[in-house]
Amino acid sequence: MQKRRLSLLDTLISEADSVMKTVTSRGNQAGRSSPAQGHTDAELSESDRRHVAGLMRVNHTGEVCAQALYQGQALTAKLPTVRKEMQQAAREEVDHLVWCEERLRELGSHTSYLNPAWYGLSFALGAIAGAISDKVSLGFVAATEERVCSHLREHLKQLPDEDRKSQLILQQMLQDEQRHGDNALAAGGTQFPRPVKDAMSSVSKFMTRTSYRI
Ligand SMILES: [Fe+2]
Ligand SMILES: [Fe+2]
């Protein structure tokens, strides 16, 4: 009984630590170095720099949501294999989070002030999906990754040609997110129906519009 109480306490402490690291943008460490490392920064005009910072802020918020989603799911996922799968993807999401943070700093900008709210919402959705079933939970990952990939493709088109650093980061992220989505479906995730995907798309549009600015 005492052991059970201790392991629950451990989980809660570790969750609280992850929340603080993600929301405050402090203390997270990437397992892989940024694909932009070693590349020279381009001289961007002020308006380009601001636009790229807005795009990278949106991508960073997406990664905050991914952290929350995976952490929420890991808490409620039933099958240990699913939990393991989520944790591996979550580690790669930490890389993305850190790379976006680094790039935002280089651009002289900041992460979104709304991140705590997006974290909370995504954590709740992840936990609910995990509590319903592993199939729904994995389906939710696949549908989310599909949205993220479409943002990344759009952002890659919008980046200035000379901004090699941001391009390299987003290209690697796109590759990882595609794999996360494919793995989630291969592990038994449900393909969400179009209306659910459309609803997710509306929420994500609201997120991108707000995070681009604040
Ligand atoms: Fe990611
Ligand atoms: Fe992902």
Side-chain angles (χ1 to χ4, degrees), residues 18-19 21-23 25 27-37 52 54-75 77 81-105 111-112 114-115 118-119 121-123 125-127 129-130 134 136-156 159 165-192 197 200-201 203-204 207-208 211-212:
S18 302
V19 177
K21 279 181 183 165
T22 305
V23 171
S25 302
N28 270 318
Q29 283 197 332
R32 297 170 290 173
S33 46
S34 169
Q37 208 180 50
V52 175
L55 298 179
M56 293 311 282
R57 188 158 39 248
V58 169
N59 292 318
H60 179 267
T61 299
E63 296 305 325
V64 168
C65 293
Q67 284 301 307
L69 176 67
Y70 282 115
Q71 280 156 10
Q73 284 171 330
L75 207 65
T81 46
V82 171
R83 217 174 298 144
K84 236 173 128 191
E85 184 102 28
M86 301 283 179
Q87 279 160 352
Q88 171 54 30
R91 269 192 288 276
E92 295 190 351
E93 305 296 4
V94 173
D95 293 347
H96 302 166
L97 187 80
V98 173
W99 300 344
C100 289
E101 271 167 26
E102 281 171 6
R103 189 67 191 125
L104 274 168
R105 261 198 305 274
T111 57
S112 172
L114 302 173
N115 282 345
W118 288 114
Y119 186 98
L121 179 69
S122 307
F123 186 91
L125 289 175
D134 286 335
V136 168
S137 177
L138 289 165
F140 192 52
V141 169
T144 306
E145 296 289 10
E146 200 181 301
R147 284 273 9 109
V148 174
C149 286
S150 100
H151 280 159
L152 289 171
R153 280 192 208 98
E154 180 53 40
H155 289 184
L156 276 163
L159 285 177
K165 283 191 138 195
S166 304
Q167 287 165 15
L168 287 166
I169 293 171
L170 297 196
Q171 278 161 1
Q172 184 60 54
M173 281 167 61
L174 179 59
Q175 217 175 301
D176 293 344
E177 313 298 17
Q178 273 165 339
R179 195 179 61 256
H180 296 163
D182 292 345
N183 286 351
L185 287 179
T190 311
Q191 268 282 12
F192 280 13
K197 285 188 182 176
M200 287 172 72
S201 167
V203 175
S204 115
M207 182 274 268
T208 51
S211 290
Y212 181 84

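Note that ligands are numbered from 1 as they come in the structure, with each ligand's atoms numbered from 1 the same way. Small disclaimer: the values here were computed from a predicted structure and weren't measured.
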Among the N, O or S atoms of His180, which one sits nearest to the Fe ion (ligand 2)? ND1

Gly31 backbone acceptor or donor facing Asp95 side chain under 3.5 Å: yes

Side-chain donor-acceptor contact under 3.5 Å, Gln178 with Asp182: no

The Fe ion (ligand 1) as vertex, arms to OE1 of Glu63 and ND1 of His96: angle to 10°? 100°

Report yes if some heavy atom in the side chain of Phe140 is under 4.5 Å from a heavy atom in the side chain of Met200; otherwise report no. yes

Could you pull out the atom name of the N/O/S atom in Glu145 that is nearest the Fe ion (ligand 2)? OE2

Glu177: its N/O/S atom lying closest to the Fe ion (ligand 2) (atom name): OE1

Of all the atoms in Glu93, is at least one N, O or S atom closer to the Fe ion (ligand 1) than 2.8 Å? yes

Using a 3.5 Å distance criterion without hydrogens, assess whether the side chain of Asn59 forms a donor-acceptor pair with backbone atoms of Leu55. yes

Identified side-chain hydrogen bond (donor to acceptor under 3.5 Å, both in side chains) partner of Ser150 from the options Arg147, Glu146, Arg153: Arg147

